[in-house]
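Heavy-atom basis, side chains included; hydrogens, waters and symmetry copies ignored. Order of the sequence lines sets the chain letters (A, B, ...), proteins ahead of strands, with each chain counted from 1. Please read these numbers as outputs of a predicted model, since none were measured by experiment.
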Amino acid sequence: MKFATWNVNSLAVRLPQVLDWLAAQAAAGAPVDVLALQELKMADEKFPAAAFAEAGYHAQWFGQKTYNGVALISRTAGSSVLKNIPGFDDEHARVIAATFDLPAAATAEPALAGDSGHPVSAANAQPGSVRVIGAYFPNGQAPGTDKFAYKMRWLHALRNWVQQELATHPRLVLMGDYNITFDDADVWDPEGMREAIHCTTEERTHLRALIDLGLHDSMRLFPQPEKNYSWWDYREFAFRRNRGLRIDHILVSNGLAPLARSCAVDKLPRKNERPSDHAPVVLSLGAAA
DNA sequence: ATGCCTCAGCTCCTGAGA
């Protein structure tokens, strides 16, 4: 079972790359079960649902003209779809959630030989559903601005809502473009970006508050290369110089973390012609790593 | 450097991104 998140910076421009990438994952024998997209930058009526359907994927989307916009692309149909944070009045299309029923084989722990010699499976091994939240967190521009204040309000509302979601969905994935780094290891120039946007103590405190609900940063469950980033500025050859930030994250709940098998940034699409400034982050779960 | 690059749109510039 595989989850991924990718800020595509205009789905109209990046659609061929998204379809190629999905096809490449499937061809490699590990198709993506749920892909969260951010920055569609298109109105709902422009969403290329037919192209995804032709490729064999379901889609749920929440767009708006010019800016923002999120979607969930999936191999099975999602249910209980929610758009934006309930009770939080927001002019931006930033959040989409859906529940996916997954085959038993996908979520079952590998059978372990018990003392009796009989296979012993984990308490959560019954077939179940996974709640998936795809989110495009506000950028925030700079501390002290109205946009930063909005980001803080949004983060507070998100935390309260995710807490409620966790109460009913112990198996939950929260993934997307967080626009927040966890710590200096996520920043190519920690001194130069000290307390700058994406790196402020205030933002990181909000990110930590999400973790404290009972979530894990999938990436840090596994050894990672040095200078492991998910976004690079288009300017100054930042990708070539690996001057980036890790701001795209996949958080998994306590109920799912034991099933995590690997998590990595896929830098290949960043090498495309006309790439997004973000690369996909990919999490594999279950016995079939 | 209020720069650099990329994208959308009331498109020949501006706002926004990060």
For this session: Sticking with atom P, work out how far B/dT6 lies from B/dT11, rounded to a whole angstrom.
Result: 22 Å
For this session: Would you give a per-nucleotide map of nucleotides 9-18 of chain B, 5' to 3', where B means the base has a protein non-hydrogen atom under 4.0 Å away, S means only the sugar-phosphate does, and - means neither?
Result: SS-----SBB
Exercise. A/Leu40 has an atom CG; how far is it from atom P of B/dC7, in whole Å?
Worked result: 15 Å
Seminar exercise, completed: Taken in chain and number order and not counting sequence neighbours, the residues that satisfy salt bridge (charged side-chain N to carboxylate O under 4.0 Å, His left out) with A/Glu195 are none
Exercise. Using a cut-off of less than 4.0 Å, is there contact between a side-chain N or O of A/Arg14 and OP1 or OP2 of B/dC7?
Worked result: yes
For this session: Sequence neighbours left out, what passes ring pair (Phe, Tyr, Trp, His ring centres under 6.0 Å) with A/Phe100? Give chain and number order.
Result: none
Exercise. Does OP1 or OP2 of B/dT6 have a side-chain N or O of A/Ser276 closer than 4.0 Å?
Worked result: no
Exercise. Partners of A/Asp183 by salt bridge (charged side-chain N to carboxylate O under 4.0 Å, His left out), sequence neighbours excluded?
Worked result: A/Arg220
Seminar exercise, completed: By side chain to side chain donor-acceptor pair (under 3.5 Å), A/Asn242 pairs with (sequence neighbours left out) A/Trp232
Seminar exercise, completed: Between CZ of A/Arg240 and C1' of B/dC4 the distance, given in whole Å, is 14 Å
Exercise. On a whole-Å scale, what distance lies between the P atoms belonging to B/dA1 and B/dC12?
Worked result: 30 Å
Exercise. With rounding to whole Å, what would you report as the distance between B/dG15 and B/dC10 at their P atoms?
Worked result: 15 Å
For this session: State which residues pass ring pair (Phe, Tyr, Trp, His ring centres under 6.0 Å) with A/Phe3; sequence neighbours excluded, sorted by chain then number.
Result: none
Problem set entry | Nearest-angstrom distance from the residue atom CD of A/Glu273 to P of B/dC5 | 17 Å
Exercise. With the threshold set at 4.0 Å, does a side-chain nitrogen-carboxylate oxygen contact exist between A/Glu236 and A/Arg241?
Worked result: no
Exercise. Which whole number of Å gives the distance between the C1' atom of B/dG17 and that of B/dT2?
Worked result: 16 Å
